[in-house]
2 protein chains.
Amino acid sequence: MSRKRWRSVKEIRIADVARLAGVSTATVSRVLANPDKVRTKTHDVVMEAVRRSGYTPNSVARNLRTRRTMTVLVVVPNLANPVFAQILRGIDDELTQSGYGLVIGNLDNCLEREPRYVDLALSRQADGILLMNGRIPGDGTRHMDEAGLPMVAMCAAISDERIPSVVVQDREASREAVRHLVGLGHRRLGYVAGPTGNVIEGERYAGFRQGVAEAGLGERDFVRWEGRFVFSTGVAAAEAFLRLKDRPTGIFAASDESAIGFLKTVRAAGLRVPEDVSIVGFDGIEFADYIEPTLTTLQQPLHELGRMGARVLLKMIRGEMKPEDWSVRLPLTLLDRDTTGPAPGRAAKPLRRRAV
Amino acid sequence: MSRKRWRSVKEIRIADVARLAGVSTATVSRVLANPDKVRTKTHDVVMEAVRRSGYTPNSVARNLRTRRTMTVLVVVPNLANPVFAQILRGIDDELTQSGYGLVIGNLDNCLEREPRYVDLALSRQADGILLMNGRIPGDGTRHMDEAGLPMVAMCAAISDERIPSVVVQDREASREAVRHLVGLGHRRLGYVAGPTGNVIEGERYAGFRQGVAEAGLGERDFVRWEGRFVFSTGVAAAEAFLRLKDRPTGIFAASDESAIGFLKTVRAAGLRVPEDVSIVGFDGIEFADYIEPTLTTLQQPLHELGRMGARVLLKMIRGEMKPEDWSVRLPLTLLDRDTTGPAPGRAAKPLRRRAV
DNA sequence: TGAAAAGATGTAATCGATTACACAAGTCGA
DNA sequence: TCGACTTGTGTAATCGATTACATCTTTTCA
């Protein structure tokens, strides 16, 4: 297929620099890694040679010899979801501080792509993995676990393995969402779900049901629509909602995107929000504050989540784990905005920002 | 700092597999790379040994020996912008098809982070680079260019170098946006800009001014607000807009996010869109269809852009470039939705989807 | 001043794969 | 049955850095 393989114009090795500087390769290496282990004079000569030759160390060779890459792999289920961009920012900040690099693997919602990234790490291209893929742990993760690869789960419940987890309190937050709706007088609820089998969805749904139970409501007092954490799920759920004879008045969506999809669709059908129906989202993405009415939602501490995940992984890589690092659970904040209001035939609104 | 370095439980090398199978390492390597170059019997014996030992090749060693990584680096200015998630999807599709992997480098809007990623590639951790950073080419890119590293610019105008570019027709599309507004009777315009010095911003602004000129308007017939491609820029621009005595009626924002920020702010101030002011965005992100009113915008062929960029880079890596690959320019589509309408004191609306 | 300690540098082994080359075994036609 | 050819496998060099150890130089201090 290929006519001629592409070749670098100049390919400078450490040996070339050594020759140019009149020293051994060991010295060049030392100048670059431990400048204080060589004489100042030598240092300057070598650095000059480095500059003149335009030398850049071949990190593949270095990684082979040192047996580490100073790189961490982050597996993201879907980059199009703005939630992950925020988390990645937190991860990156923490890693950079410690001299580590970051490689992002995007699953694009296809679990079939997972092995590709798992291999990347197994084949020593990364020193550790941050898994944000909320799947039930399968063969892939098991292999990594057996291979002893440092790894942190950034979604609930994989934690029952020997894998530490850094997560948000999905369950408690979902309960709070229900409590919020019930507090406004809503007695008939709707739940716009995430992907069935997803660990995070499982937590949020569990919290929702817990809230329902605590309100003294039962299985028949709510409707559940399956889907994913995307706009179109909200649209589909709303369409189903609109076909109901006895419609819920309080909706909890497991993601902001689906909440927004729902919102748009019911408004297009002529319903008023929050007068006819109240909606609570989950995530706290920036966009939720730019729609009309602004979305009541549970804000995740995304940046902090990223930082904590990276911090725990680094500890694991360095063999510095402490017992309390094995399970970190961060609280969320309820942003009480304009898509929630009293149930039809009720009164005013409470405060604005409340910790869960 | 670190108490004890973490160590893998079992570290299986190709030599271990060879011993287990009773063959040489060369044979194991061949079984894995060219299964048809070995006897079936041998193949089975080796594969069994691979399975039993749980061997995964060390790709760092392989990369060193073969002098390639089968990996491409993509430098993204800001992952939080949904535009890039879409482009990445296209890139990934194309690369996967050719057996290449993808590493994402996020600049997070800090140009200072660029050298980190440039080094990544210079140090042979990637076989090529896709640059989406719309900066004027600086030292970083020059080094890569000199090192002969295959690289494709996915933003306008770096193309005057020896670097191929795959871009959208920003300038033509912006002209079209102005033409659209002018066609609706708007004679006083506003331009919500991207970052000054950014190549893409330059193109879009040039197109805007070209459109203005073609409409027979002059420098005093429009206002320009500086900013970046984010929500808050739109908010700030709208605040400035609201303070004007003689307000424009047709606004062109260089990104959907800033258009949405603008929209929200002017509506909050009591203006009606499009009755009082029309707004055109640029990008065609999914969100733009979920706000109210839905945003008129120029839709980029994001997936296609990604595929083309990757395709050209692969050609470059393989030394298969043809003259027409050096400059690819993709057309956009004007999505005529609900934020644009006749200038105050004019009539109806034209068609819905128009190629630029 | 001289012996021991500390400091600077060089030599060569090493990381774990791939692959050119050599060689052995098997196949074929005359 | 013999060489020519094909096929399969092993030996060892190689990719480009790092680093243990040896060696040589300088400093320190009794």
Side-chain angles (χ1 to χ4, degrees), chain A residues 5 7-8 10-47 49-50 53-71 119-120 122-125 127 147, chain B residues 5 7-8 10-47 49-50 53-71 119-120 122-125 127 147:
Chain A
R5 181 151 301 289
R7 221 15 356 140
S8 184
K10 34 178 182 174
E11 195 79 45
I12 302 117
R13 304 180 323 292
I14 198 172
D16 301 321
V17 178
R19 195 173 323 111
L20 202 64
V23 298
S24 73
T25 62
T27 300
V28 176
S29 178
R30 275 187 284 253
V31 167
L32 266 30
N34 315 69
D36 47 331
K37 291 285 179 192
V38 298
R39 220 174 352 157
T40 318
K41 181 81 191 303
T42 319
H43 174 270
D44 295 344
V45 172
V46 170
M47 285 312 286
V50 168
S53 60
Y55 169 69
T56 309
N58 180 324
S59 47
V60 174
R62 169 191 292 145
N63 293 347
L64 176 59
R65 176 62 227 237
T66 60
R67 302 167 68 83
R68 31 193 180 114
T69 60
M70 298 302 281
T71 291
D119 276 351
L120 201 78
L122 277 180
S123 62
R124 320 287 135 65
Q125 307 225 63
D127 298 343
Chain B
R5 180 149 304 287
R7 224 6 6 133
S8 184
K10 35 178 183 175
E11 196 78 45
I12 302 117
R13 304 180 323 291
I14 198 173
D16 301 321
V17 178
R19 196 174 322 112
L20 202 64
V23 298
S24 74
T25 63
T27 299
V28 176
S29 178
R30 276 188 284 255
V31 167
L32 266 30
N34 315 69
D36 47 331
K37 291 284 178 191
V38 297
R39 219 174 352 160
T40 319
K41 181 82 191 303
T42 318
H43 174 270
D44 295 345
V45 172
V46 170
M47 285 312 286
V50 167
S53 60
Y55 170 68
T56 308
N58 181 324
S59 47
V60 174
R62 169 190 293 147
N63 294 346
L64 176 59
R65 177 60 228 237
T66 61
R67 303 167 69 84
R68 40 197 171 110
T69 59
M70 298 301 283
T71 291
D119 276 350
L120 203 76
L122 278 179
S123 63
R124 320 288 135 70
Q125 307 223 66
D127 298 342

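Residue numbers start from 1 in every chain, and the chains themselves are labelled A, B, ... in the order their sequence lines are given, proteins ahead of strands. All values derive from a computational prediction rather than experimental measurement.
- Closest approach of B:V38 to B:H43, counting heavy atoms only: CG2-CB, 3.9 Å.
- Proximity of B:T69 to B:R62: side-chain heavy atoms (C-beta onward) are nowhere separated by under 4.5 Å.
- Nearest heavy atoms, B:A21 versus B:V45: O-CG1, 3.6 Å.
- Taking for each of A:V28 and A:R39 the nucleotide of DNA chain D with the nearest heavy atom, the 5'-most of the two is the partner of A:V28.
- B:D127 and B:M70 get closest at one heavy-atom pair: OD2-N, 2.8 Å.
- Proximity of a side-chain donor or acceptor of A:S59 to a complementary backbone N or O of B:S123 within less than 3.5 Å is detected.
- Of all the heavy atoms in A:N58 and A:V60, the pair that sits closest is OD1-N, 2.8 Å.
- For the pair A:T40 and B:L32, nearest-nucleotide mapping onto DNA chain C gives the more 5' position to A:T40.
- Residue A:T27 has a polar side-chain atom (N or O) positioned under 4.0 Å from OP1 or OP2 of C:dG10.
- Comparing B:R65 and B:K37 along DNA chain D, the residue whose closest nucleotide (by nearest heavy atom) sits nearer the 5' end is B:K37.
- Within 4.0 Å (heavy atoms only), A:T42 reaches sugar-phosphate atoms of the nucleic acid but no base atom.
- Rounded to a whole Å, the CZ atom of B:R30 is 10 Å from the P atom of C:dA20.
- When heavy atoms are screened at a 4.0 angstrom cut-off, B:V60 is found touching no nucleic acid atom at all.
- Boundaries of the chain A contact region on DNA chain D are D:dG16 to D:dT19, first to last in 5' to 3' order (nucleotide atom under 4.0 Å from a heavy atom).
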